[in-house]
Chemist: 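Dropping the structure in here first, questions after.
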Amino acid sequence: KRLDPTEIVLLIFDEAHHAHGNYAYSMVVRKVAEKTSQFRVIGLSATPGNNIESIQSVIYNLMISKIIYKDDNDPDISKYQHETNTEVISMPLGSDEQLLLKFLSECISMIAEPLQVKGYLRTSAPENLTKGVVYMSMKGFQESSLTEFSRDKYIIINSFGLLLSLATFHEKLIKYGSGILNDSIKDFLKNKKETEQKKRLVNSRSFQALIKNSERAKNIIHPKLARLAIILHDFYTNHPDSKSIVFTQF
């Protein structure tokens with residue numbers, strides 16, 4: 001109640017792509033719209049979304065009526081652009097990560113194959129079971145005709161939950177290495193609900209080998225970090241007064 005909404009004539013939202021659900025941007029627009037229609041909204045974003053539904057949600061929540069799109073070649077943008085040269089360098093996993101991947105793949109197959117046999121998964125190949133694939137398959141099962149509670153449904157949902165955790169392990173190992181994997185396994189053992197299926201998975205030869213080897217390899221850095229160190233060293237040797245930015249997720 002510090003501001004009178006009827007006195008607001010313009011709202012400007014930077015990073016407008018956050019305007020989903022009950023995010024503050026959405027709530028502010030609703031509060032102002034409850035009191036007056038005599039206001040305008042400008043939403044700015046360099047990353048509006050990667051699908052129509054997501055973008056439409058922002059448009060709806062911010063009451064956007066007109067979209068102005070400008071790419072790198074637009075005269076208003078191009079004068080601020082610098083020439084860029086992109087080189088993609090792919091690094092194979094090291095021997096320690098390869099061994100962890102072998103044991104992890106065995107664990108994934110152990111859970112995924114029965115689900116595929118029952119028709120709830122299209123594939124049980126570990127390399128194809130991303131978090132997104134597992135989640136959408138689980139969602140499809142939950143929305144299927146088997147809606148009444150039953151022991152079979154409970155077991156299948158629990159299997160999907162375990163598979164989702166393993167798919168997350170798979171992504172973290174490949175992208176970030178054995179240290180992040182080791183942390184994730186510890187959280188899984190400590191936090192995830194104990195079930196008969198989880199006990200069988202954890203007590204399996206493959207999972208026990210995964211625990212043992214991830215603990216042993218937890219301080220070994222991902223090969224891409226070693227390569228990055230070399231790239232930066234070479235760059236600064238040739239450009240000692242220059243600067244660089246390294247983007248990371250963790």
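Index from 1, following the sequence. Worth saying up front: this structure is predicted, and the values here are computed from it rather than measured.
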Chemist: Which is it for Ile231 and Asp234 under the side-chain contact (heavy atoms from CB on, under 4.5 Å) test, yes or no, and what are the steps along the way?
Modeler: CA-CA 5 Å; Ile231 291 171; Asp234 291 346; over 6 Å; no
Chemist: Hey, are the side chains of Val202 and Leu189 touching, using non-hydrogen atoms and a 4.5 Å cut-off?
Modeler: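 In contact.
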Chemist: Between Phe141 and Lys118, is there a cation-pi geometry (under 6.0 Å to ring centre, at most 45° from the normal)?
Modeler: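 Geometry flag: not set, cation outside 6.0 Å or 45°.
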Chemist: If you group Ile, Leu, Val, Met, Phe, Trp and Tyr by side-chain heavy-atom gaps below 4.5 Å, do Tyr60 and Val41 land in one group?
Modeler: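 Different hydrophobic clusters.
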Chemist: Within the 3.5 Å criterion, strictly below it, is a donor on Asn182 or Glu215 matched to an acceptor on the partner's side chain?
Modeler: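 Yes, because at least one side-chain N or O of Asn182 sits under 3.5 Å from a partner of the opposite role on Glu215.
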Chemist: First locate atom OG1 of Thr6, then atom CD of Glu34, and finally report the distance between them rounded to the nearest 0.5 Å.
Modeler: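 Taking OG1 in Thr6 and CD in Glu34, the distance rounds to 13.5 Å.
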Chemist: Does Tyr25 use its side chain to pair, donor to acceptor, with the backbone of Asp14 at less than 3.5 Å?
Modeler: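 Flag set: sc Tyr25 to bb Asp14 pair under 3.5 Å.
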Chemist: If the threshold is 4.0 Å, N to carboxylate O, is there a salt bridge linking Lys102 and Glu106?
Modeler: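 Salt bridge flag = yes for Glu106 with Lys102.
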Chemist: Hey, any chance Val134 and Ile157 share a hydrophobic cluster, counting ILVMFWY side chains that come within less than 4.5 Å of each other, even indirectly?
Modeler: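 Linked, Val134 and Ile157 end up in one cluster.
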Chemist: Do Leu115 and Ser124 touch side chain to side chain, with heavy atoms closer than 4.5 Å?
Modeler: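 They are not in side-chain contact.
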Chemist: Check Lys199 with Glu194, please: is the shortest side-chain N to carboxylate O separation under 4.0 Å?
Modeler: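 Result for this pair is no, no salt bridge flagged.
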Chemist: Consider only side-chain N and O atoms of Asn158 and Thr195, and report whether a donor and an acceptor are under 3.5 Å apart.
Modeler: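 A pair is found: one side chain offers a donor N or O, the other an acceptor, under 3.5 Å apart.
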Chemist: Might you point out which heavy atoms bring Ser54 and Gly49 nearest each other, and give the distance in Å?
Modeler: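 For Ser54 and Gly49, the tightest heavy-atom pair comes out as OG-CA, 4.3 Å.
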Chemist: Specify the closest pair of heavy atoms between Pro48 and His17, including all atoms of both residues, with the distance to one decimal.
Modeler: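 Minimum heavy-atom separation between Pro48 and His17: O-CB, 3.7 Å.
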Chemist: Relative to the ring of Phe207, is the ring of Phe169 parallel (under 30°), tilted (30 to 60°) or perpendicular (over 60°)?
Modeler: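 The rings of Phe169 and Phe207 sit tilted, inter-plane angle from 30° to 60°.
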Chemist: I would like to know whether Leu121 and Leu163 meet side-chain contact (heavy atoms from CB on, under 4.5 Å); could you show each step before the answer?
Modeler: CA-CA 11 Å; Leu121 277 177; Leu163 192 57; 3.6 Å; yes
Chemist: Nearest 0.5 Å, please: how far is CZ in Arg205 from CD in Gln208?
Modeler: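 Interatomic distance, Gln208 CD to Arg205 CZ, rounded to 0.5 Å: 11.0 Å.
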Chemist: Only one of Leu62, Ile55, Asn61 clears side chain to side chain contact (heavy atoms under 4.5 Å, CB included) with Val58; which?
Modeler: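 Exactly one candidate clears the test, Leu62.
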Chemist: Can Asp96 and Arg216 be counted as an ion pair, charged N to O under 4.0 angstrom?
Modeler: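 Yes, this pair counts.
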Chemist: Would you find a donor on one side and an acceptor on the other, under 3.5 Å apart, between the side chain of Thr168 and the backbone of Leu164?
Modeler: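 Yes; judged by distance alone, with no hydrogens or angles, the pair exists.
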Chemist: Which value, rounded to the nearest 0.5 Å, describes the distance between Met91 atom CE and His222 atom NE2?
Modeler: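 It is 8.5 Å, given to the nearest 0.5 Å.
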Chemist: When you group the ILVMFWY residues by side-chain heavy-atom contacts below 4.5 Å and let the links chain together, are Tyr23 and Val29 in the same group?
Modeler: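 The answer is yes; both residues are in one hydrophobic cluster.
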Chemist: If hydrophobic clusters are built by linking Ile, Leu, Val, Met, Phe, Trp and Tyr wherever their side-chain heavy atoms come under 4.5 Å apart, do Met110 and Met138 end up in the same one?
Modeler: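 Yes: a chain of side-chain contacts under 4.5 Å links Met110 to Met138.
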Chemist: Roughly how far, to the nearest 0.5 Å, is the CG atom of Leu100 from the NE2 atom of His170?
Modeler: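 Answer for the NE2-CG pair, His170 versus Leu100, is 11.5 Å.
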Chemist: Less than 4.5 Å apart, side chain to side chain, heavy atoms only: is that true for Tyr154 and Asp152?
Modeler: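 The answer is no; the side chains never approach within 4.5 Å.
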Chemist: May I ask you to decide if Gln142's main-chain N or O and Lys153's side chain share a donor-acceptor pair within less than 3.5 Å?
Modeler: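 Answer holds: no.
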Chemist: Between the side chain of Glu97 and the main-chain N/O of Gly94, is any donor-acceptor distance below 3.5 Å?
Modeler: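 Answer holds: yes.
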Chemist: Backbone N or O of Ile211 within a donor-acceptor pair of the Ser214 side chain at under 3.5 Å?
Modeler: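 Answer holds: yes.
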Chemist: To check you understand the geometry: which heavy-atom pair defines the closest contact between His20 and Ser57, and what is its length?
Modeler: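 For His20 and Ser57, the tightest heavy-atom pair comes out as ND1-OG, 3.0 Å.
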Chemist: Do Ser159 and Gln197 get their side chains close enough for a donor-acceptor pair, meaning under 3.5 Å?
Modeler: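 There is such a pair between these side chains.
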Chemist: Answer with yes or no whether the side chains of Ser184 and Lys172 bring together a donor and an acceptor at under 3.5 Å.
Modeler: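 Lys172 vs Ser184: donor-acceptor pair found between side chains.
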Chemist: Apply side-chain contact (heavy atoms from CB on, under 4.5 Å) to the pair Leu201 and Cys107, showing each step before the final yes or no.
Modeler: CA-CA 7 Å; Leu201 172 64; Cys107 293; 4.0 Å; yes
Chemist: To the nearest 0.5 angstrom, please state how far the CZ atom of Phe235 sits from the OG1 atom of Thr237.
Modeler: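 Rounded to the nearest 0.5 Å, the CZ-OG1 separation comes out at 10.5 Å.
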Chemist: For residues Ile89 and Arg227, report the shortest heavy-atom separation together with the two atoms involved.
Modeler: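 Looking at all heavy atoms of both residues, the shortest contact is CG2-NH1, 3.6 Å.
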Chemist: If I take atom CG from residue Leu173 and atom CD1 from residue Ile185, how far apart are they, to the nearest 0.5 angstrom?
Modeler: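 Output value for this atom pair is 8.5 Å.
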Chemist: Please report the C-alpha distance between Arg122 and Ser137 in whole Å, then the side-chain angles of each, then the deciding distance to 0.1 Å, and finally whether the side-chain contact (heavy atoms from CB on, under 4.5 Å) criterion is met.
Modeler: CA-CA 8 Å; Arg122 292 182 179 179; Ser137 298; over 6 Å; no
Chemist: Taking side chain as C-beta onward, heavy atoms only, is Leu210 less than 4.5 Å from Leu181?
Modeler: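 Result yes, sub-4.5 Å side-chain heavy-atom pair found.
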Chemist: Using a 3.5 Å distance criterion without hydrogens, assess whether the side chain of Ser105 forms a donor-acceptor pair with backbone atoms of Pro126.
Modeler: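 Checked: no pair found.
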